[in-house]
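Let me begin by presenting the structure, written as structure tokens, before commenting on it.
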There are 2 protein chains.
Amino acid sequence: MPPRRPVQRATINDVARVAGVSRGTVSRVLNGETYVSDAARTAVEAAVAEVGYVRNAAARNLVTRQSGAIGLIVHEPHSLFLEDPNIGSILLGINAVLSEADYQLVSLVVDSDRDGVRVASYLTGGYVDGVVIISARENDPIGLAVARSGLPAAFVGHPMDIEGVPYVGIDNRSAARAVTERLMATGRQRIGMIAAGLDRDSGQDRLAGFTDALGDRFDPRLVVEVPLFAHSSGIAGMRELLTHDDRVDGVFASSDAIAAGALDAMRDVGLSAPGDIGVVGFDDSAWARRTQPPLSTVHQPADLLGRRAAELVLAQLEGRSVEAEGSFLETTIVWRDSA
Amino acid sequence: MPPRRPVQRATINDVARVAGVSRGTVSRVLNGETYVSDAARTAVEAAVAEVGYVRNAAARNLVTRQSGAIGLIVHEPHSLFLEDPNIGSILLGINAVLSEADYQLVSLVVDSDRDGVRVASYLTGGYVDGVVIISARENDPIGLAVARSGLPAAFVGHPMDIEGVPYVGIDNRSAARAVTERLMATGRQRIGMIAAGLDRDSGQDRLAGFTDALGDRFDPRLVVEVPLFAHSSGIAGMRELLTHDDRVDGVFASSDAIAAGALDAMRDVGLSAPGDIGVVGFDDSAWARRTQPPLSTVHQPADLLGRRAAELVLAQLEGRSVEAEGSFLETTIVWRDSA
DNA sequence: GCTTATTCTGGGAGCGTTCCCAGACTCTCG
DNA sequence: CGAGAGTCTGGGAACGCTCCCAGAATAAGC
């Protein structure tokens, strides 16, 4: 079949001609301004329908200096992007708020460094009026570029090395502390952790909270670091942990997927939860309800995270000042059967 | 903190002034044209760095009539969007191809009808040069709007009611037939199906393939329709199926998530796979390797689906004609332990 | 009826680019 | 040395829209 080509589009002048009015009047009708006679309005509306007019976004953006779009940057390696249980909900939360305010969300997935360059110029080139950035690691060039650009922005999560951009996150440290304490309170004596994502604040804070809770009883040999927040990492991590100490009776995993992997690794060697080892996850993702036994875990308000971030951007767009640099949303512990 | 405001941006005229050349020369350098002296080129590059110039996208789009961006429309109810195991891979496949060709992918998630209107005008307003649409249902207004717009486009999946737009999909019917036949070949006598998504071609075709394979032995009472491609639907579907006939010994599920739910429902009533009932899923998603036992399923080349769709759009953008209206990619059956 | 508001309209200017034409300057070659 | 080709540059015009000013038409007030 022949290539599809956009048809020659009608301009505001065509509409004006057909409607028998001037360019200015058409523009006024299009933008819903007052001071337009009913006769003119109906004529323009009919003409718009007749010629199939759609406003040229580029021309409009050029003069108004805004695009009506907000960017969402998801900067994750592919594997993480596919695994992350929160991104979907965050995205939907953002979309809900922006949709309400009549902004269009455009998501940019950044993979390679090459993408990074293109995305940075996309953002600063005026395609978007603001931006939400998920999961900025340390030294994230895009985060830095956005911070420098002055573009209204908000982070989901708290980048450690960027200032002046508001953020909304959860208090990973407190949540990890609370859940670890609860594990201790159920009588667990030798509690280990399978930690992931130590290159970002969330990962580090979860580890810190775990350490906080254990205090003197903290034993570094019981912390295993794994590369991904993934099921496979959970399996590997649990196996390694058991070689370090086969009397482990509690495990805090950095994510539900890791916890699920840990449960599977345990099953392979004849151990079960919560009997032999109490296992706790993080995220309260779809995983948590589907493992055997269902996971005790920390519930993350992902949807709300997205909504808040979007609101932060909108506030700036409207010229309102943002009260605090950052805020943390409440997490709740969901105690199921795995611990 | 005060609202962030984009700083006043430098224009090409500022660059020209600083570099001591004309607007035209700056433009030539920016666009990598020949016929620019080395002296001018270096002067311009230095000036660009000095004033922090970034090209204004709107102005450029206005005159070139292109945006350098391709839209991806994901038109799914929220629940599906979060569950769908393929969307992520498709997106990454598209992104890989477009990134190579230096196009920026912008993803638009459509939820409400209100979003639909905004998205349609976004697409036809010149923000994107082309578009990939995932999962168009019947009477999808956005699919229709795109088809009518003449915008270079491609569907992932085969919309039943839209013509003239190329698509790439998988042969759901053959795949379903093949997998059902294999289930029969292993000696299953009473094979049921838990079917989802009958409002779209993929769902209908899977059911049709299932019916094809069974031929005379098809028993409509053994087909249970569920609303979502989800775990919870699998649980409900399996329970319902067992009330219809408690001697079922084989089940084909429309997705891995459904199959996983079916396995859980079976476990609850003391049945197991493959001993009591052989269970087969669809997608070969992350689920498949994590159920107990691991699922036999149909592997969907999601990444490739995305790549092909992106290539179809690029071909049109380059004015090449597209050989066939649609194509179907090969699926493979992955036989694990659940059947 | 005349003045002053109020409502409505047309069209010039300008947004920041690219495109393209005309002219200047530099080679090359007979 | 002069003609022609090749290289390089400046700047006018246009892209399609919004903004805004000035003026026309209508309504309101005395």
Side-chain angles (χ1 to χ4, degrees), chain A residues 6-45 47-48 51-69 121-129 149, chain B residues 6-45 47-48 51-69 121-122 124-129:
Chain A
V7 291
Q8 182 57 42
R9 305 222 329 257
T11 75
I12 202 174
N13 292 305
D14 299 324
V15 175
R17 192 166 21 78
V18 172
V21 297
S22 77
R23 205 164 27 91
T25 300
V26 175
S27 177
R28 274 183 285 268
V29 172
L30 256 28
N31 295 309
E33 288 175 26
T34 49
Y35 291 157
V36 178
S37 66
D38 286 350
R41 188 178 304 277
T42 31
V44 168
E45 280 161 359
V48 164
V51 302
Y53 172 77
V54 186
R55 226 201 230 122
N56 181 308
R60 176 164 223 252
N61 296 353
L62 179 58
V63 42
T64 60
R65 292 149 183 285
Q66 29 185 322
S67 67
S121 73
Y122 186 90
L123 293 175
T124 46
Y127 285 93
V128 297
D129 298 337
S149 73
Chain B
V7 291
Q8 182 57 41
R9 304 219 332 255
T11 75
I12 202 174
N13 293 304
D14 298 324
V15 175
R17 191 165 24 75
V18 172
V21 299
S22 77
R23 204 164 29 87
T25 300
V26 175
S27 178
R28 274 183 286 269
V29 172
L30 255 29
N31 294 309
E33 288 175 26
T34 48
Y35 290 157
V36 178
S37 66
D38 287 349
R41 190 178 303 277
T42 32
V44 168
E45 281 162 357
V48 165
V51 302
Y53 172 76
V54 186
R55 215 197 239 134
N56 179 308
R60 175 166 224 248
N61 296 353
L62 179 56
V63 44
T64 61
R65 293 147 183 286
Q66 27 185 312
S67 67
S121 73
Y122 186 89
T124 47
Y127 284 94
V128 296
D129 298 337

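Quick note on labels: first sequence line is chain A, next is B, and so on, each numbered from 1.
Residue B/Y35 is the one, among B/Y35 and A/V54, whose nearest nucleotide of DNA chain D lies closer to the 5' end (criterion: closest heavy atom).
Distance from the side chain of B/A40 is smallest to D/dT9 among D/dT9, C/dC15, D/dC15. Among D/dC19, C/dT7, D/dG16, the nucleotide with an atom closest to any side-chain atom of A/A59 is D/dG16. In this structure, of D/dC17, D/dA13, C/dT9, it is C/dT9 that holds the atom nearest to the side chain of A/S22. Each of D/dT18, D/dT9, C/dT17 was ranked by its minimum atom distance to the side chain of B/V36; first place goes to D/dT9. Checking D/dT18, C/dT18, D/dT9 against every side-chain atom of B/S27, the shortest atom distance belongs to C/dT18. Relative to the side chain of B/I12, the nucleotides C/dG10, C/dT17, D/dG16 differ in distance, and C/dT17 lies closest.
Residue B/S37 places no side-chain N or O under 4.0 Å from the OP1 or OP2 atom of D/dC8. Distances shorter than 4.0 Å separate none of the side-chain N or O atoms of B/T64 from OP1 or OP2 on C/dT17. OP1 or OP2 of C/dT18 lies within a sub-4.0 Å distance of a side-chain N or O belonging to B/N31. An OP1 or OP2 oxygen of D/dC19 is reached within less than 4.0 angstrom by no side-chain nitrogen or oxygen of A/R23. OP1 and OP2 of D/dC15 both lie 4.0 Å or more from every side-chain N or O belonging to A/T11.
Side chain of A/T42 to backbone of A/D38: a donor-acceptor contact under 3.5 angstrom is found. With A/N61 contributing its side chain and A/A58 its backbone, the two residues share no donor-acceptor pair below 3.5 Å.
Within 3.5 Å, no donor on the side chain of B/R65 pairs with an acceptor on the base of D/dG16, nor the reverse. Taking only distance into account, the side chain of A/R28 meets the base of C/dG10 through a donor-acceptor pair shorter than 3.5 Å.
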Let me see the working for A/R55 and A/N31 under side-chain contact (heavy atoms from CB on, under 4.5 Å), right down to the final yes or no. CA-CA 11 Å; A/R55 226 201 230 122; A/N31 295 309; 2.5 Å; yes

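Atoms CG (B/L62) and P (C/dT18) sit 11 Å apart, rounded to a whole Å. B/N61 has its CG atom 12 Å from the P atom of C/dT17, to the nearest Å. In this entry the distance linking CD of A/E33 with C1' of D/dC17 reads 13 Å, nearest Å. As rounded to whole Å, 11 Å separates atom C1' of D/dG16 from atom CZ of A/R55. If you measure from atom CG of A/N56 to atom P of C/dT17, you get 16 Å, rounded to the nearest angstrom. B/R60 places its CZ atom 12 Å from the C1' atom of C/dG16, with the value rounded to the nearest Å. Atom CG in A/N13 sits about 13 Å away from atom C1' in C/dG12, given to the nearest Å. Rounded to a whole Å, the CG atom of A/L30 is 8 Å from the P atom of D/dC17.
Taking OH of A/Y35 as the start and OG1 of A/T25 as the end, the distance is 14.5 Å to the nearest 0.5 Å.
Screening A/V26, A/V51, A/V48, A/V44 for a side chain to side chain contact (heavy atoms under 4.5 Å, CB included) with A/V18, the sole residue that qualifies is A/V51.
Shortest non-hydrogen contact noted between B/Y127 and B/A69 is O-CB, 3.9 Å.
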